[in-house]
Amino acid sequence: MSITTLGEFILEEQKDFPDSSGELSSILSSIRLAGKIVSNQINKAGLAQHIMGAAGSENIQGEAQQKLDVYADNQFIKALKVRGIVCGIASEENDDFIAFNENNDAKYVVMIDPLDGSSNIDVNVSVGTIFSVCKRVSPVGSPVELRDFLQPGIQQVAAGYIIFGSSTMLVYTTGKGVNGFTLDPGIGVFFLSHPAMKTPKNGKIYSINEGNIKHCADGVSEYVRYCQSDQNDLGKPYTGRYIGSLVADFHRNLLKGGIYIYPSTKEAPTGKLRLLYECSPLAFLIEQAGGKASNGQDRIMEIQPTKLHQRVPFFIGSVNMVDKVEGFLDT
Ligand code: AHM
Ligand code: MG
């Protein structure tokens with residue numbers, strides 16, 4: 001493993017942006033810090049009853065909040081607010097965006113899912129944080145506005161995730177490729193472990209909640225049958241893998257090649273996953289790694305959001321697999 005640390009890498013990358021004032025680097029450092037704090041808590045989840053289970057509240061989407069959702073949300077908000085480098089944040093856990101009025105001079109906003117898949121924590125399954133960074137469009141010096149958050153994915157200046165799995169990794173892009181860093185928990189340092197990540201153009205893994213298959217569009221169920229058949233491009237069934245924890249499913253497929261699908265269903269007519277802090281950042285990463293993300297027709301990165309918690313159908317992974325499923329949806 002390389003001895004380049006995440007901190008060194010961030011500073012080195014900053015040199016590629018000659019006009020940089022270092023604010024983006026500070027944002028990434030804040031996320032790194034909060035990620036380490038959250039990782040530390042997650043690793044104790046089986047021991048510490050006070051952080052396991054439901055918090056007794058619901059978020060705007062009517063989903064039960066876990067104690068660690070709330071904890072992670074607070075940690076990321078605190079780390080991003082205190083350094084004065086972000087003027088506002090939108091999070092899956094909060095109905096509205098949070099304006100950091102004391103940071104009106106900051107030029108960036110962050111969108112975050114602080115702990116995706118958190119219902120998996122109590123059963124010791126990997127969870128993750130997903131983040132997206134954009135430059136504000138409202139004037140610097142004024143309070144942050146909704147339009148600062150409602151930007152298509154192509155406007156992102158950075159995006160990434162932290163996976164809290166058998167090890168903790170932070171994977172991110174600033175539009176110059178994708179790099180992954182693994183946390184050495186003994187010394188609390190992320191080291192560059194996965195430089196210049198690329199995803200295979202073809203994969204053998206499909207990931208979808210097949211329990212919903214009867215409630216999906218015909219094209220989706222036909223594609224799943226194609227994956228399961230002997231008459232596909234492999235000449236044998238693909239491997240089905242679905243953890244139900246987006247970051248973990250995405251991370252595996254990024255490394256091995258595959259497709260993750262969360263389509264429209266009867267219960268979730270516009271899909272389940274949120275555009276701004278789940279789909280757009282992962283779309284930025286997969287494109288930077290040579291893959292593709294779409295809503296079945298259109299590029300996720302070009303969708304103009306109209307709502308903070310907007311949901312979209314999501315097809316992401318190896319480029320040839322996403323092309324293939326789009327072909328089924330066309331007919
Ligand atoms: P969450 O943001 O409330 O944690 O929900 C998102 C999660 C994803 O991690 C996962 O891929 C998906 O929901 C699983 O949904 P389902 O149980 O419907 O398959
Ligand atoms: Mg989520």
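Numbering of residues begins at 1 and proceeds along the displayed sequence. In each ligand, atom 1 is the first atom listed, and ligand 1 is the first ligand listed. Values below: every heavy atom of this structure, side chains too, minus hydrogens, waters and symmetry copies. Note that this is a predicted model, so its numbers are computed, not measured.
With a 4.0 Å heavy-atom cut-off, ligand 1 is reached by the backbone of L246 and by its side chain too. When non-hydrogen atoms are compared, ligand 1 lies under 4.0 Å from neither the backbone nor the side chain of V247. At a 4.0 Å heavy-atom cut-off, ligand 1 touches Y260 through the side chain alone.
Ionic pairing of R274 and E92 is present here: one or more N-O contacts between side-chain nitrogen and carboxylate oxygen are shorter than 4.0 angstrom.
Listed by number with element, the atoms of ligand 1 under 4.0 Å from a non-hydrogen atom of G244 are 9 (O), 10 (C), 11 (O), 14 (C). Within ligand 1, counting atoms from 1 as listed, the ones closer than 4.0 Å to a heavy atom of Y242 are 11 (O), 12 (C), 14 (C), 15 (O), 16 (P), 19 (O). Heavy-atom proximity to E92, at under 4.0 Å, picks out these atoms of ligand 1: 1 (P), 2 (O), 3 (O). Atoms of ligand 1 found under 4.0 Å from any heavy atom of N209 (numbered from 1 in listed order, with element): 16 (P), 17 (O), 18 (O), 19 (O). The distance from ligand 1 to the heavy atoms of S245 drops below 4.0 Å at these ligand atoms: 9 (O). Less than 4.0 angstrom separates some heavy atom of D113 from each of these atoms of ligand 1: 2 (O). The ligand atoms of ligand 1 that sit less than 4.0 angstrom from a heavy atom of R274 are 1 (P), 2 (O), 3 (O), 5 (O). Close contacts between ligand 1 and E278 involve ligand atoms 2 (O) [criterion: under 4.0 Å to a heavy atom].
Crowding of D230 atom CG: a count of heavy atoms from other residues, nucleotides or ligands under 6.0 Å exceeding 12. Environment of CD in E267: sparse, with no more than 12 heavy atoms of neighbouring residues, nucleotides or ligands closer than 6.0 Å.
For S118 and D69, the side-chain atoms include at least one donor-acceptor pair closer than 3.5 Å. Side-chain polar atoms of S294 and E326 form a donor-acceptor pair below 3.5 angstrom. Of the N and O atoms on the side chains of R241 and T239, not one donor lies less than 3.5 Å from an acceptor on the other residue. For the residue pair E93/S91, the side-chain donor-acceptor check at 3.5 Å is not satisfied. Under the 3.5 Å distance criterion, with hydrogens and angles disregarded, no donor-acceptor pair is assigned to the side chains of E278 and Y262.
Ligand 1 has D116 within reach: a non-hydrogen atom of the residue lies less than 4.0 Å from it.
Taking only nitrogen or oxygen atoms, main chain and side chain alike, G117 reaches within less than 3.5 Å of ligand 1.
Of the options V178, T173, T199, a side-chain contact (heavy atoms from CB on, under 4.5 Å) to I286 is made by T199 and by none of the others. Under the side-chain contact (heavy atoms from CB on, under 4.5 Å) rule, M321 has a single partner from Y260, F315, Y238, which is Y238. Checking L275, I316, I303 one by one against N295, the side-chain contact (heavy atoms from CB on, under 4.5 Å) holds for a single residue, I303.
Between Q151 and K135, the closest side-chain pair of non-hydrogen atoms is not below 4.5 Å.
Counting only distances under 2.8 Å, and ignoring water, the protein N, O or S atoms around the Mg ion (ligand 2) are E92 OE1, D113 OD2, D116 OD1, E278 OE2.
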